[in-house]
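First up is the structure itself, then whatever we jot down about it.
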Amino acid sequence: MTLRQQRFAEDVNSAIAVCEQYGWPFTDFHQTDNSLTFAYTKNNNKQLVSICISDDYPENTFITRHDNEDCSEYSNESIKNIIIGLNRELREGSIDRSDSMDTDNSCYEDCPETLDTDEDEEDDDGVDYMDEYDQMREGEEVEINPVLLRDMEKLWGCYGEHVMDYRAFESIEEVDTEIKINLASLLEREIAEAWNLDRLQPLVIRLNLSLSQYLDAPRPPLIQVLHSSKSGIISQLQKVLADFISEQWGRLSNSFIQQLYDEAEQKTQTASCTPQPHCDESSQTAHDRNIARLMEMGFTADQALSALVLNNGDLLLSVNHLMGGRTTSEGQTTAQASDSSLPPKPSGSEYRRQTSHPSGAKRIKKISRLHSVDPKDIPKDPGIIDLTKDGDDFTLVPTSLWFGKKSKRIPSPNLGFLIQVYQYARQRIPTLNEFCVVCDDAHVFQNGAMLKPSVCSRELCVFAFQTLGVMADAAESVATGAEVVDLLIAMTRSACVSPRRDTIFSPYPTVVDPTKSTELALNPKSKDYDKVRKILEIIPPVSQLVQIEPSKIKRQMEEKNVLAYPLLQWIISSNRSHIVKLPKERRLSFMNTSHQYLLLQNPPAKEKVFQDLKKKHGSEFAFHGSSIENWHSIIREGLLVGSGTKLQVNGAAYGNGIYLSPNSSTSFNYSRMYKSGKQKNESASRFLDHGRSMTCIALCEVISHPSLKKSGAIWVSPESDHVCTRFFFVYEAGQCGEDVNTQHKNNLQAIQDAVNFRA
C-alpha cells in the first residue's frame, strides 16, 4: 500500500467513526484502494455517493452523486471533511460552529461579515432547528481550549491577524486553523517561477485540531498544505510538516505550553533591574512579537527574553547585543560604551547562539531597527546596516538564508505550538530544494544545492520516487515544454557517447525495472553506457512525440523498449535547472540562432547571496563556452571550478576558476565551434537536429568582485558563487555565431531587457 493509499484508508476509518459516534445518516460504506462509495437517505430516497481519489490525494478528489451526476465536482478536502460538509448540507447548516475571526482576510464563507445574523433559521413548525447532537448536549457549553486560544492570540499578536483564520465545529469538537505564509517575503520571483508557484498567493497550512483537548489529543492533527499553484513543492512541504508535527506531538502537552507561558511572564516581571508593573495586553503583544523575531534569527527564547530585558525592550539593541558587539577594554560592547546607561552584557555560556556562525559570518555586525514596536528615542548609529526595507513585514529573513545550513533547526515552543509550526514552515520553504523530496536528507552536490527540488541518489528513495508515482509525468512535459525536453535528450545523448563519458556522464541514470520493481534496470553502481545509448536511440524524436496523443506516448514507447519511457522520465525529472525556450520576440537577435533558452540554476539562498554581492560590487555579463556533452552534468550539478580536477579539458594558464569572456568568439572556441567555408543559415525548425557537431555557449552574469581576474578577452572568476547562468544558446551543425561583445552599449541593453523576461 502506498503512502497515499494509507492516508486515504486512515481518513475513511476516521470519517466512519465520526458518523457512527454522532449517528449521521451515512451507511453502506464500501472502500477500495482508490475509491469510496456510501449511501444516505434524503426525502425518503436512498442516494449513492462515489468518491474517487487521485495520485495527489487529498487534492483533485472527484465526487459523484448518483441522484444528479451532472453536479459532479472536484475537491481538495480530506474524506472526513467531505463527509462533514455533506452532513452539514443535509442538516441545512445545523452544525453549530463558531464563526472564524472577524477579518476581511478570512477565506471562509461563514465569517461574521458574510453571515446574515438578523434572521434565525426555522423549520416548518417555526421552531429553531438544532442538530441532534447539539440537542443531546443542550445546556452543556463547549468552550475552546484555553491553551489553544492563547496560542492563536500569540500568533495574531506576533505576526498580524492576517496570518491565520479558524473555523470551529462544536458538534464534533474540532477546529480547523489555517495558517497563511506570505511567499513573496521568502522567494524571489525567479525562484517562484522555477518552482511553478504564484508567490503573490499565500500558502495555507490547515491543521485539524481537537477543540477541547488540543495538544493532549492522542494523535497528531491532520495537516493539509494548500496553494493555488499545482506544484510538487506543495506535496514536499506537506510531508515535511507532517513529519515535523508527528515528531513534536509526543513532546508537547497543554500543561507544558502553559508552564512555558507562566515562566515567561515570571521572568518578564523579575528579570528587570527595576520592578515593573504588570504589562497590559498591548505591551505583552509587542514583547512577544520581538521575542518571535529574535527566535527566527536563531536565538533561544531565553536569550531573546534576557536581551530584551537588558535593552529595555528595544529590538535593535537586543539584536546587536546578541550578535556580539565589539568589546572595549572594560568589557563593554561598543553600543554600551557609547551609552553608559545600558546595563552590562552578561558573560558565560548562556549567550551562545542556538545556531553557530560559519567562519565567513563571524565578523562583527550591526543590525538596523527591524520595525521594532515600542521604540525608544535612541540616536541612529550611521554604522548600522538595514536588513529589510519592507515596513509591512513583521518577520525576518529565515535563519537558513542568513547562515545557509540551519533550515531544519527546531523552533522553540515558548510562544506556542502554532508559532512553532509557522516559524518552521517559513524557514523550510526557501531551502526545500536542498533536501530530498522523499527522505528529507540534505543533497550532497559539489557546488551546493541546485534550483529545483529532486530525489537523492539513495536507492530506497529512487524506488519510492518512481514506484509511488511521485515523478513528473513525461507525457505532460512533452506536451508543455517539448523544446526543453528535446534539449535535455540532446545533452544526455552527447554525454553518453562522449569519449569522456566516465567523467562527464554524471549523474548516471537510476531507473527502476518496470517488470520487477525491486530491482534497478539502470544502476550507477554498475554503469552500462551501451545499454543507455541503445535506449536513447529508441526514444522517438520529440518532433514525433508531440504528434502523439499524450495518453498514448507511454504505451507506444514501451512497445519498443520497456525502459524507454522510464529513462525519458528520469532525464526530465533529474534536471535541476529552470530552462525555458525564449519566444521569438524575446530572443537576442545578434546571437544568430533560434535555439535560445532562459537558464537559471541558483537556489534561493545562493541567489540571495548573489544579489547582495551585486548590490555591493555590481555585475557584468560574459559568455561561458563548454561542449554540449558537459551540460548534462552542469544543469544537474552546477557550474563548477574544474581547474586542476579531472573535469579540466583546457589549460589553466590564467589561474584556477570559471573561465568567461565578454567576447562570444572566444567562448565559441571553448565550445568547439570552428568556422568552415560553408555556413548554415539560422534554423527555422522548432527542434534540434541532434547532430554530432552541435555546439553551445551560455551567457552568464558575474559579480564585478576584486577577485575577478581580467586578462584581455579572458576573465577568470575563482568563486563559483559569483557566476550565475542566465541564457543558453545552441547552434546546429554548420551554424556559426557572430562575434558579440557584451560590453557594447546596444548589446548590453538588449541583454538586460532579456534578463527581465518572465515566462
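Excluded from the calculations below are hydrogen atoms, water molecules and symmetry mates; all remaining heavy atoms, backbone and side chain alike, are included. One is the number of the first residue; the rest follow in order along the sequence.
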With Leu237, which residues qualify under side chain to side chain contact (heavy atoms under 4.5 Å, CB included), at least two apart?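 Applying side chain to side chain contact (heavy atoms under 4.5 Å, CB included) to Leu237 gives Leu203, Val225, Leu241, Ile429, Leu432.
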Holding to side chain to side chain contact (heavy atoms under 4.5 Å, CB included), I want the full list of residues that pass it with Ile245, two or more places apart in sequence or in another chain.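 Testing Ile245 for side chain to side chain contact (heavy atoms under 4.5 Å, CB included), a comparison that skips the adjacent residues, returns Leu207, Pro220, Pro221, Ile223, Trp249, Phe417, Val421.
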Smallest separation among heavy atoms of [X] and [Y], with atom names:
{"X": "Leu211", "Y": "Val175", "result": "CD1-CB, 3.8 Å"}
{"X": "Cys724", "Y": "Phe610", "result": "SG-CD1, 3.3 Å"}
{"X": "Ile179", "Y": "Tyr422", "result": "CG2-CD1, 3.5 Å"}
{"X": "Arg199", "Y": "Ala184", "result": "NH2-O, 3.0 Å"}
{"X": "Cys158", "Y": "Ile419", "result": "SG-CD1, 3.8 Å"}
{"X": "Pro430", "Y": "Leu187", "result": "CA-CD2, 4.0 Å"}

Step by step, work out the side-chain contact (heavy atoms from CB on, under 4.5 Å) result for Asp721 and Leu613. CA-CA 10 Å; Asp721 285 351; Leu613 288 170; 5.8 Å; no
Taking only residues two or more places apart in sequence or in another chain, which ones pass salt bridge (charged side-chain N to carboxylate O under 4.0 Å, His left out) with [X]?
{"X": "Asp216", "result": "none"}
{"X": "Arg251", "result": "Glu247"}
{"X": "Asp243", "result": "Lys239"}

I need the [X] [atom1] to [Y] [atom2] distance, nearest 0.5 Å.
{"X": "Leu226", "Y": "Ile234", "atom1": "CG", "atom2": "CD1", "value": "8.5 Å"}
{"X": "Asp198", "Y": "Glu193", "atom1": "CG", "atom2": "CD", "value": "9.5 Å"}
{"X": "Leu215", "Y": "Gln248", "atom1": "CG", "atom2": "CD", "value": "11.0 Å"}
{"X": "Gln238", "Y": "Ile233", "atom1": "CD", "atom2": "CD1", "value": "13.0 Å"}
{"X": "Leu415", "Y": "Ile257", "atom1": "CG", "atom2": "CD1", "value": "9.5 Å"}
{"X": "Lys614", "Y": "His722", "atom1": "NZ", "atom2": "NE2", "value": "14.0 Å"}

Do [X] and [Y] have side-chain heavy atoms sitting under 4.5 Å apart?
{"X": "Pro411", "Y": "Gln427", "value": "yes"}
{"X": "Arg428", "Y": "Asp440", "value": "yes"}
{"X": "Asp165", "Y": "Lys180", "value": "yes"}

How are the rings of Trp156 and Tyr166 set to each other: parallel, tilted or perpendicular (split at 30° and 60°)?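 Ring orientation, 0 to 90° scale: tilted.
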Test side-chain contact (heavy atoms from CB on, under 4.5 Å) on Met152 and Leu418; report intermediate values, then the result. CA-CA 7 Å; Met152 293 192 293; Leu418 297 180; 3.5 Å; yes
Main-chain N/O of [Y] paired with [X] side-chain donor or acceptor, under 3.5 Å:
{"X": "Asn254", "Y": "Gln213", "result": "yes"}
{"X": "Ser14", "Y": "Glu10", "result": "no"}
{"X": "Glu174", "Y": "Phe169", "result": "no"}

Step by step, work out the side-chain contact (heavy atoms from CB on, under 4.5 Å) result for Leu600 and Glu607. CA-CA 10 Å; Leu600 304 177; Glu607 183 66 26; over 6 Å; no
Run the numbers on Ile191 and His578 for side-chain contact (heavy atoms from CB on, under 4.5 Å), then give the verdict. CA-CA 9 Å; Ile191 307 300; His578 180 48; over 6 Å; no
For Glu434 and Lys408: C-alpha separation, side-chain torsions, deciding distance, then whether salt bridge (Lys or Arg N to Asp or Glu O under 4.0 Å) applies. CA-CA 11 Å; Glu434 298 180 12; Lys408 296 182 79 170; over 6 Å; no
Pairs involving residues 187-245, ordered by first then second residue, that meet ring-ring contact (aromatic ring centres under 6.0 Å, His included) (sequence neighbours left out):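 For residues 187-245: Phe244-Tyr424.
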Check this for me: Glu77, atom CD, are more than 12 non-hydrogen atoms of other residues, nucleotides or ligands nearer than 6.0 Å?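 Counting neighbours around CD of Glu77, more than 12 heavy atoms of other residues, nucleotides or ligands fall under 6.0 Å, so yes.
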Any Lys/Arg nitrogen of Lys608 or Asp612 sitting under 4.0 Å from an Asp/Glu carboxylate oxygen of the other? yes
